[in-house]
Amino acid sequence: MKDIVRTILQAKLNAPLDRRRFIQGGAGLATLTILGASENSARAEGGKLGGPLNFFGYDGEQGPKVTKEFLEKNGIQMNAAFAGAADETLTRFRTGGRGSMDIMTMNKDFQRSVIDANVELFQPLDLSRIPNAAGLFSGFKDANWLVRDGKTYGVPMIWGDEPCIWNPKKWDGVPDRYTDFADPKYKGELVLLDDPFGNIWLFAKSVGVKDPSRLTKQDLDKAVEAMLTIKPNVVTIGASLGDMADVLVRGDASMGLGGWAYQTIIAKEKGVDLVVGSPKIDDRFFWSDAYTIAIDAPNLDNAYGFIDFITSPEANAALATELGSGCTVEKAYDLLDPSIQSLYDYSTVRQPGAGILGTQTVVPKQEAEGDIVGAQAWVEAWQAFKVA
Amino acid sequence: MTAGTAHIGMREYGHDAREAARAAVMLSPAVLFYVIFFGVPMLSLLVLSFWHVEGFDIVADFTGANYQKIASSGLYRDILLRTIGLGLLTAAITVPIAFTLSYLMRFVFPHKAQFILQLVLVSLFSGYLVRIYAWRTILGKQGLLNSALQWLGAIDRPLEYLIYSNFAVIVTLTGLLLPLAVLPIYSSMANISRDHIEIAADLGSRRLHLVRTVLIPMALPGIRTGFAFTFLLAAGDFVTPSLVGGSQSIMIGNVIADQFRGTGANWPLGAALAFVVMAAVMLIVIVITHLIRRVTRW
Amino acid sequence: MIPAVEVLDVGKSFGPFVALDSVNLVVHQNEFVSLLGASGCGKTTLLRIIAGFESPTRGQVKIAGEDVTAQPPHTRPTNIVFQRGALFPHMSVRENIGYSLKLRKWPKARIDEQVDRMLALVRLDGFGDRDPQKLSGGQVQRVALARALACEPRVLLLDEPMSALDLKLRQQMQLELRALQRRLGATFIFVTHDQTEALVMSDRIAVMNGGRVAQFATPRDIYRSPSSVFVSDFIGQTSLIPCEIVAAANGIAALRIASGAIVQASMARGLPVGAKAVLSVRPESVRLSAMTATLPEAALTGDIRDVIYLGPSTRVSVAIHPSLLVWAELRDEEAVGLSPGVKVSVSWAPEAALVIEEGAPS
C-alpha cells in the first residue's frame, strides 16, 4: 500500500501541475484500490535483467507457465494485474499508473484507435532489443495497428477469430447468416457473449452494412432489430467467455455465437465435445493481441528481455497452445500440434498487412462523427437489447 | 443518561467541556476511518458525476447533463424499476423465511439453535461465485432438480424456466442473502424472553395475532436491519442476474458497471447513475421500514 | 359450591425426571392458596400445569368444574403473573393492561374504563401513559397484576411475583395483594419459597416436597399441627428430638428420649407403645431456668451452648444430651443470667409439643 501512495505522489510530482490532473489523481486513489494495484514502483537501476516487471493486460498473456524458467533464471519478479477489457490499460495509465506500468497487452482495434487518436499510452519500440521479432509472420510486420510512420508500437503474440461454437451431437453446422438463428428450431439453445461490440458488429454485417464498425443511427437500429429476432431463442448471455463455455458444457445451451476456439479446449477438459465454425455468408471477425511497453515504464530492460523471450518460436508456440490461439511467429507454426494448427486459417497472416486482420475493425469509434454514432450509443443499444 | 452526553465504554462523558474533548478524541479514529474510506470516495464520485466525457478523456467541468440524461431516459428508468422490484421481491421472500427460522431457533429448538445457526452460516464460508454456480448445477436443464423430477416420472422434459429466469435469480439471491437476514433478526429475537410470549398467549393471543402484536414489534430493529441488508444487496447485485438470470437479466448494477469498463465508458454517467440509484434505494428503505412499524402499531 | 380449581391425581415427568408425583388439590372459590416449597419441589411445574403451559403426564385439571386438561392457556379462564413482570416494552402501561381486552374486541370506551379501574385497583392512577421501561420494580409488578386482572379471570396464578423486590416493598405488596384479593373476591394461587409470605397471605398453604403435597391446611394448622417431620421442620423453627413412646392417654404421650429422660407431648395420631417417633417443640414454647441448688430435680437438664440476641427475642440452644440440641426463644428479661456453659432445666407444656410418627409421609 505504501508503494501505491508513493507512486501517486511521484506521478503528481512529475506531471504538469494543473487542476485536472490533481483532481483526477484524487479520483484515481479510489480507482486504484478498486483495481487492486499491486505494483512495485521502484525504478530499475542499471541495464541488466533482474528485479520487478509490471504486467497489465489479459489474463494468460503473461504466460506464467511458459516464462517461469526465464523469469527465475534472470531473477525477475513478475507483478501481474489483469484487465477485463483493453481500455482498462488507458484508464489505469491515466489514473496514476503512468510510471509504474511496463508491459501492457491489448487487442488490435483498441491499439489502432489509440494510435489514430494520438493518445499517449505506449512508446515506440526499439526493435534492436527484440531480435526475435524478425521471426514474426510477414503480415504482422507492417500491420496498420502496430506500425505507424516507420515506428513499431507493439509485438503481437496471439490471434484468432470469434466463431460460433456448438455441440456436434445436436447440430451439423451453422446457417449461412446470423439472422437465420431466428428460426424457432433454435429456441432454448442459443447462448451469446456479453459483448456489445462484437454482437452488434456481427448483426450489422448480417443485415448488409458495408463497414459494420461505422454505423449510423438507422444502421444501429436495424442491427438491434435483427438481434431481437433471435432473442426468443437465447437462453442466456454469458458474462465472460469462460462462463459461456460453462453454459455449453452443462448443456443448458447448445449453440454459442461469438465464441472462441479456446472454449473447445475448456470443454474437452470437462469431457464435452464442441466444434467451431462460422456462417458461410456472414463469416466472422478476427482479433489479435500484442505486447506494448507503456510510456515511462520503470523497468525497460526487463520489459524488452521479456518480450524478446516470449517471441521466440518455442515460447510463442507454447503460448499459442496454452491459449488455444493462433501463433504469430513463423517458426512457431511448425512447432504446433496439428490440432492447434488447424484451429485457424494461417493464410491470412501471410498476407501483407495481415489480410483481414488489418482491414477489419470491430470496435466503433469512441466519439460520434457526423452521422456515425459513437461507442456509447452501441453500449446503450446493447443494454436496450438485454432489457427487451 | 442526561441529554448531550456520550456513552463510551463504561463511562459517561459530556458533563463538562474537558470531558467532551476527551470523548471527541476517543471517537476520532472511528470518525477518521469513515471520512477517509467512505466520505472521500463518495465525495469524489459526486464531483465526478457532474463532469462529462469526450472521447477517451474525462473533462472536469460542471454540468448536470448526466442527471438530465438519466431523468429523460426510458431505458434507465425501466431497468431501475425492474431492479428495485426484484430487490423488494427478494426481500419479501427472504425476510419472512429468516424470521420463521429465527423463531424456530429461539423458541422451538433452543438447544439446537447454535447448531442450526452454524449450518446457516457455513454457506457464507464458500465463495460468492461458487454458490451462484452451485445453483446452475441444481436448477440447470440437466441439473439435480430436473434429473430428480424426471427420474421420479413427474415430468417428461426438463423444466426450462428453473434456470436463466427471474425464478432462478430470486431463488439464488434468497439463498445467498438468507444468512445475512437471519443474523440480525435472530439476535434481536434473542432479547425477547419466553415470558412475553407465554403471557401474551395466556391473555388470549395466539399465532398470527401473537406474531403481529408481540413478536414483530419486539424484534423490529432486527427485522429492519434484515430487510435493509436483503433489499440493498439484492437490488445492488448484478452478478447473480447475469449468471442465472437469462437473456433478460440486465439490472441497474450492470448498467453502472458498463460505464466503468470497456470502450464506450462514461465514468461521469456511471457516477451519476450510482447516486440516483442510491437515492432511490434509500428512499425505499425508509418508506418500507415506516410501513412495517405502521402495520404493527398496537 | 363448585371448587375453583381441582387437581386430580396429576403427575408430570420430564423424561426420567419426575417433577410431580400424584398431586391432589382442591382450591375453593375466593380462596388465597399458596404453594410453598424449596426449589425443585414442583410448585412452579404445578402452577404451569394449571395455567396450561405444560400438560400433565397423567391426571386431570378442572377449573370451575370444567375439565381443561387438554386446553391451551389462551382458552382457560386463568391468567398468570410472572416473577419479572414481562410487560410489553413497545406498549404503554395502558396498552399493556388493555391487551387482553382489545384482543376480545371490547369497544374502546369500555376498555378505557376497565383500564382506569385496574389502575385504581393497583394504586397506579394516572400511570396510563407511562413507558413500562421507566417504571420501578414495584410499579412493574402492579402493572403486570393489573394486566392479568383486566379481563377478570376466574383464577389468578402468581409465580413468585415478589421475589425480585426488596424486603420492605415485598412486605407492603404482600398486604396489598391480600387486600386486593379480598376486594375482588377472586381465587388466587400463589407460588413462593418464602414461608413468611405464605403465612401472611394465605387462606390455606400447600407445602410441597419432592413433587408431592406434604400438607395442605390453614397456616395455623400447618404451624401447630405439622403432619410430618418435613413440614414441621420446614415451617418456622423447631427442635426435633427422636423418641420412643412409653405410655399414652387422652392425647398426651410419655416419651423416652436418648438421654433416658421421660418427657411429654401431645399426640394427634394414636401411635402404639414402643413405636419410634419424633418429638417436635417450637422454641417459643420452651422454658428455661437456671439450675440452683434450691430447685427440685427437673426432668430435663442441659448446658447452654449458644445465646443469640435477635432484637425482639433471644435464642438459646441447650445441649440436653451430647447429640441433642433444644432451642428456646426467650424475651429479654427471661434471658438474664443465661450464657454459654450455664446449666439449665428445660421444660414445656405437653400440649405445646407434638409427637410425629417417624417416617410419616412427607
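Below, chain A is the first sequence line, B the second, and so on; all start at residue 1.
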Above 12 or not: heavy atoms from other molecules or residues under 6.0 Å from OH of B:Tyr128? yes
Tell me whether B:Phe109 at atom CZ has more than 12 heavy atoms from other residues, nucleotides or ligands lying less than 6.0 Å away. no
Considering all heavy atoms, the nearest C:His74-B:Ala201 contact: CB-O, 2.9 Å
If you measure from CZ on C:Phe53 to CD1 on B:Ile199, what distance do you get to the nearest 0.5 Å? 6.5 Å
More than 12 non-hydrogen atoms from neighbouring residues, nucleotides or ligands closer than 6.0 Å to CZ on B:Phe38, yes or no? no
Contact part of C:Leu101 toward chain B, heavy-atom cut-off under 4.5 Å: side chain, backbone, both or neither? neither
Tell me, yes or no, whether the heavy-atom count around B:Arg82 atom CZ, taken from other residues, nucleotides or ligands under 6.0 Å, exceeds 12. yes
Do the non-hydrogen side-chain atoms of B:His196 and C:Pro89 ever get within less than 4.5 Å of each other? yes
Would you give the length of the straight line joining atom CG of B:Leu210 to atom CG of C:Leu103, rounded to the nearest 0.5 angstrom? 9.0 Å
Does any non-hydrogen side-chain atom of C:Lys102 lie less than 4.5 Å from one of B:Thr213? no
Any chance CZ of C:Arg183 has more than 12 other-residue heavy atoms, nucleotides or ligands included, within less than 6.0 Å? yes
Take atom CG of C:Leu167 as the centre, draw a 6.0 Å sphere, and report whether it contains more than 12 heavy atoms from other residues, nucleotides or ligands. yes
Proximity breakdown for C:Arg147 and chain B, heavy-atom pairs closer than 4.5 Å: both
Which bit of C:Thr78 comes within less than 4.5 Å of chain B, counting heavy atoms only: side chain, backbone, both or neither? both
Supply the atom-to-atom distance B:Asp202 CG to C:Arg48 CZ, rounded to the nearest 0.5 angstrom. 10.0 Å
Taking atom CZ of C:Arg84 as the centre, report whether more than 12 heavy atoms of other residues, nucleotides or ligands fall under 6.0 Å from it. no
Neighbour count >12 (heavy atoms, 6.0 Å) for atom CZ, C:Arg123: no
Quick one: what part of B:Ser205 sits under 4.5 Å from any heavy atom of chain C, side chain, backbone, both or neither? both
Taking the six-membered ring where the residue is Trp, are the ring centres of C:Tyr99 and B:His209 under 6.0 Å apart? yes
